[in-house]
2 protein chains.
Amino acid sequence: MLPAPFPANHSPIIRKLESIFPLTDDERQALLELPIQVTAIKEDQDVVREGDRPSRSFAILSGMTCTSKVMGDGKRQIVAFGVPGDMPDIQSLHLKVLDISVTTLTPCSLGFITHEALWDLCLRSPRIAAAFWRETLVEGAAFREWILNVGRREAYPRMAHILCELLVRLHAVGLAEDHSCDLPITQVEFADALGITAVHVNRVFQQMRADGLIETRGTRLIVPDWERLKEVGDFDETYLHLLTTGGAAA
Amino acid sequence: MLPAPFPANHSPIIRKLESIFPLTDDERQALLELPIQVTAIKEDQDVVREGDRPSRSFAILSGMTCTSKVMGDGKRQIVAFGVPGDMPDIQSLHLKVLDISVTTLTPCSLGFITHEALWDLCLRSPRIAAAFWRETLVEGAAFREWILNVGRREAYPRMAHILCELLVRLHAVGLAEDHSCDLPITQVEFADALGITAVHVNRVFQQMRADGLIETRGTRLIVPDWERLKEVGDFDETYLHLLTTGGAAA
DNA sequence: ATACAGGATTAACATGGGTCAAAGACAGGC
DNA sequence: GCCTGTCTTTGACCCATGTTAATCCTGTAT
């Protein structure tokens with residue numbers, strides 16, 4: 001029962017931008033004046049679908065999403081998870097037809113902003129445009145790491161790595177503490193994210209529990225030994241390019 | 001013996017930007033005035049390395065590169081190939097420490113541009129900044145497809161898919177005709193790109209040859225039946241977001 | 001309480017692709 | 001023509017992960 005409907009506000013967007021790019025007061029103000037339409041949406045709903053041609057993008061104000069692509073034969077690959085502050089389909093501002101679908105993992109509060117308003121803001125404020133560009137570059141770095149994860153790590157370290165990423169990113173937006181967080185992600189979804197089967201996800205989880213690498217209580221994940229999980233997952237958070245480095249999930 | 005040292009010029013950069021974003025005369029002129037340092041470099045050289053903090057970025061004027069990451073244990077994953085017009089480390093403009101290495105596959109002519117000059121141009125011309133941003137978004141789409149390829153396709157269609165992508169992208173820059181192109185990529189490199197072993201790359205190639213799906217003469221790739229290769233590779237070029245769609249490698 | 005549905009777990013068996021190691025093929029340099 | 005280094009090819013064997021399909025949970029609705 002994570003996110004109660006959220007008071008309408010832009011703060012997750014601004015916090016996210018500021019977490020990777022310093023803003024002036026004027027710029028913050030310009031962002032606050034963006035016309036934004038806040039919408040609540042249930043879990044397990046597609047917000048946008050592959051092939052859509054949206055006229056607006058959205059930011060996650062609360063809740064979590066996943067971004068996925070499907071193959072001809074129906075197999076699905078999740079390529080990213082979204083946390084508050086993320087704008088999973090910002091690409092649609094420039095690329096007319098979407099190559100991905102975005103699905104809610106939990107009930108979400110989403111803030112929709114028209115492409116027109118975004119374009120206008122970017123033309124008026126080159127530094128804000130640069131901040132968005134920078135966000136896209138950071139997202140690209142995460143995709144590259146995801147490729148490495150899926151392409152070169154075995155299932156066990158692969159899972160460890162993705163758990164590390166999730167924990168650090170959730171921590172960065174205040175949704176994880178004490179190496180623990182709520183992960184509303186089913187084993188089937190982990191399977192689609194890691195490029196393995198749900199059965200094998202289950203095997204890996206059990207081994208990790210047996211090894212004392214993780215504990216689970218319902219959807220809650222607890223990491224008893226963060227350093228060891230990072231080591232198993234070959235995890236180095238540099239690629240996330242957070243300004244608040246250091247004790248990320250510490 | 002691909003690329004002879006190239007007369008210094010910006011045209012690959014401009015052509016690339018224009019292939020995904022229409023430019024005005026003024027904007028083209030501003031790009032032409034960018035101070036650019038042209039350098040020839042041999043094959044199999046690292047242009048930049050993971051961990052570097054470059055003060056300039058570069059465009060490929062001729063030749064091909066690959067972009068890769070390595071794991072702690074030395075395993076390498078190639079996450080992208082670069083063709084003329086690409087700027088494989090444009091991210092360093094915003095992200096101080098590089099998360100990838102860029103290596104030449106052939107002798108290359110590279111055009112280096114300082115971050116200062118790029119920043120200056122982007123602040124003066126929001127539309128050019130937007131064009132660069134758009135390039136980054138397209139690059140992101142290619143990463144997402146790469147994740148799907150490595151995560152969900154078996155080795156045979158996975159190879160077919162990457163061959164399709166290479167052929168279409170080389171065709172878009174005039175380096176492929178008649179479903180045929182020069183591919184200066186070793187089997188070890190394909191292995192690192194696909195997340196399989198070189199031995200298995202070899203098995204797949206032989207099967208593809210036996211199936212009449214591809215022919216090779218030295219480094220030259222010939223595709224006798226383009227439609228069939230696309231089908232085997234589950235390839236749909238939409239994700240490349242080229243303006244010149246349709247008969248891409250036709 | 002009972003029934004249901006989505007998720008988690010198990011087990012038995014199959015296989016794509018990994019590993020290792022040796023041998024061939026080819027190109028460039030002398 | 002010969003040497004050397006880099007690619008490619010081959011073969012035997014093995015294991016991480018896929019497949020299938022049944023069973024077991026747990027929370028929620030009736």
Engineer: I need the CG-C1' distance between B:Asn202 and D:dT8, as an integer number of Å.
Structural biologist: 6 Å
Engineer: Return the nearest nucleotide to the side chain of B:His200; candidates are C:dA21, C:dG17, D:dG18.
Structural biologist: C:dG17
Engineer: Inspect the surroundings of CD in B:Glu231 and state if more than 12 heavy atoms from other residues, nucleotides or ligands are less than 6.0 Å away.
Structural biologist: no
Engineer: Nearest whole angstrom, please: distance from the C1' of D:dC25 to the CD of A:Gln206.
Structural biologist: 13 Å
Engineer: Can you tell me how far C1' of D:dT8 sits from CE of B:Met159, to the nearest Å?
Structural biologist: 13 Å
Engineer: Considering only side-chain heavy atoms of B:Asp44, which listed nucleotide, D:dG18, C:dT9, D:dC7, is closest?
Structural biologist: D:dC7
Engineer: Output yes when at least one side-chain N/O atom of A:Gln187 is less than 4.0 Å from OP1 or OP2 of C:dG6, else no.
Structural biologist: no
Engineer: Evaluate salt bridge (Lys or Arg N to Asp or Glu O under 4.0 Å) for A:Arg153 paired with A:Glu145, printing each intermediate quantity in order.
Structural biologist: CA-CA 11 Å; A:Arg153 291 195 186 98; A:Glu145 185 72 23; 3.4 Å; yes
Engineer: Report the distance from atom CZ of A:Arg217 to atom C1' of C:dA8, rounded to the nearest whole Å.
Structural biologist: 18 Å
Engineer: If the cut-off is 4.0 Å, is A:Thr197 near the phosphate of D:dT17, judged by side-chain N/O to OP1 or OP2?
Structural biologist: no
Engineer: Quick check on C:dT9: is either OP1 or OP2 less than 4.0 Å from any side-chain nitrogen or oxygen of A:Arg209?
Structural biologist: yes
Engineer: Nearest whole Å is fine: how far is D:dG5 C1' from B:Glu43 CD?
Structural biologist: 13 Å
Engineer: Which whole-number value in Å describes the distance from B:Lys75 NZ to C:dT19 P?
Structural biologist: 6 Å
Engineer: Look at the side chain of B:Arg203 and the base of D:dG11, then say whether one donor and one acceptor between them are separated by less than 3.5 Å.
Structural biologist: no
Engineer: Using salt bridge (charged side-chain N to carboxylate O under 4.0 Å, His left out) as the criterion, list what pairs up with A:Asp236, not counting sequence neighbours.
Structural biologist: none
Engineer: Return a table of donor-acceptor pairs under 3.5 angstrom between the side chains of residues 188-199 of chain B and protein atoms on other chains or two or more places apart.
Structural biologist:
unit_1, atom_1, unit_2, atom_2, d
B:Glu189, OE1, B:Thr186, N, 2.8
B:Glu189, OE1, B:Thr186, OG1, 3.3
B:Asp192, OD1, A:Arg152, NH2, 2.9
B:Asp192, OD2, B:Arg76, NE, 2.9
B:Asp192, OD2, B:Arg76, NH2, 3.3
B:Thr197, OG1, B:His200, N, 3.3

Engineer: At 4.0 Å (heavy atoms only), tell me whether A:Ala198 reaches a base, stays on the sugar-phosphate, or touches nothing.
Structural biologist: nothing
